[in-house]
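Accompanying notes for the structure given below.
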Amino acid sequence: MDNKEKKQLQHLFEVEKKAEQILVDKNDSVSLDMRRNWDRESLRALDKLRDGQKVWTIFGPNITKLTKEKAKEILEQDMVDANIEINKLRSDMKVKVNELRDLEYQEKYTGFSLNALTNKELSAMKQVWNERS
């Protein structure tokens, strides 16, 4: 192989590697979302029980009997952790998609990195809208 062919092969390898990273992140995001939904379902089932009642729970390979309150606390913390990880994966995916588009000699997506308004910004916008009405 001459130098030009080696560069082309290396470029294709980089494109495939970046695309694979995006697909892995997407699959991880879907798995975390499923875990978050299971946590939500479990919390709804716990709401139907009496306070102080003990429930059998499975966390990883362990089966334990916990109070309803302790199980809810663990599930809520797991949901928070899953939300944080999902948001991190989604923001990393945006960067990786733009890097892939660069490797494919395509323009970056416009508006792809938009963020939602914070509560502070939203309340300021509502104040402006009310003043104009």
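Sequence positions, counted from 1, serve as the residue numbers for this chain.
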Hydrophobic cluster partners of L89 (side-chain heavy atoms under 4.5 Å): L32, I86
Set of residues satisfying side-chain hydrogen bond (donor to acceptor under 3.5 Å, both in side chains) with respect to D102, sequence neighbours excluded: none
Those residues that, when tested against S91, pass side-chain hydrogen bond (donor to acceptor under 3.5 Å, both in side chains) (two or more places apart): none
Check: T64 and W56 side chains under 4.5 Å, non-hydrogen atoms: no
Partner residues of E76 under the salt bridge (Lys or Arg N to Asp or Glu O under 4.0 Å) criterion, sequence neighbours left out: none
Inter- and intrachain pairs under side-chain hydrogen bond (donor to acceptor under 3.5 Å, both in side chains), touching residues 26-39, at least two apart: D33-R36, R35-D78, R36-N83, N37-R40
Let me have the donor-acceptor pairs involving side chains of residues 14-25, under 3.5 Å, with sequence neighbours excluded, atom names and distances please.
| unit_1 | atom_1 | unit_2 | atom_2 | d |
| --- | --- | --- | --- | --- |
| E14 | OE2 | Q10 | NE2 | 3.3 |
| K18 | NZ | Q21 | OE1 | 3.4 |
| K18 | NZ | E99 | OE1 | 2.6 |
| D25 | OD2 | K96 | NZ | 2.8 |

Within residues 84-106 or reaching into it, pairs that qualify as ring pair (Phe, Tyr, Trp, His ring centres under 6.0 Å) - sequence neighbours excluded: H11-Y105
Beyond-backbone contact of K70 with T67, side-chain heavy atoms, under 4.5 angstrom: yes
Salt bridge (charged side-chain N to carboxylate O under 4.0 Å, His left out) partners of residues 44-68, not counting sequence neighbours, each pair once: R44-D47, D47-K72, D51-K68
Those residues that, when tested against F13, pass ring-ring contact (aromatic ring centres under 6.0 Å, His included) (two or more places apart): none
Partners passing side-chain hydrogen bond (donor to acceptor under 3.5 Å, both in side chains) against E85 (at least two apart in sequence or in another chain): none
Test salt bridge (Lys or Arg N to Asp or Glu O under 4.0 Å) applied to D92 - qualifying residues, sequence neighbours left out: K88
Backbone N/O of E107 and side chain of R101: donor-acceptor pair under 3.5 Å: yes
Nearest non-hydrogen partners of L49 and Q53, listed with the distance: CB-OE1, 3.6 Å
Residue list, side-chain contact (heavy atoms from CB on, under 4.5 Å) with K126, at least two apart or on another chain: L122, W129
Step-by-step side-chain contact (heavy atoms from CB on, under 4.5 Å) determination, L66 to I74: CA-CA 10 Å; L66 299 172; I74 291 171; 3.8 Å; yes
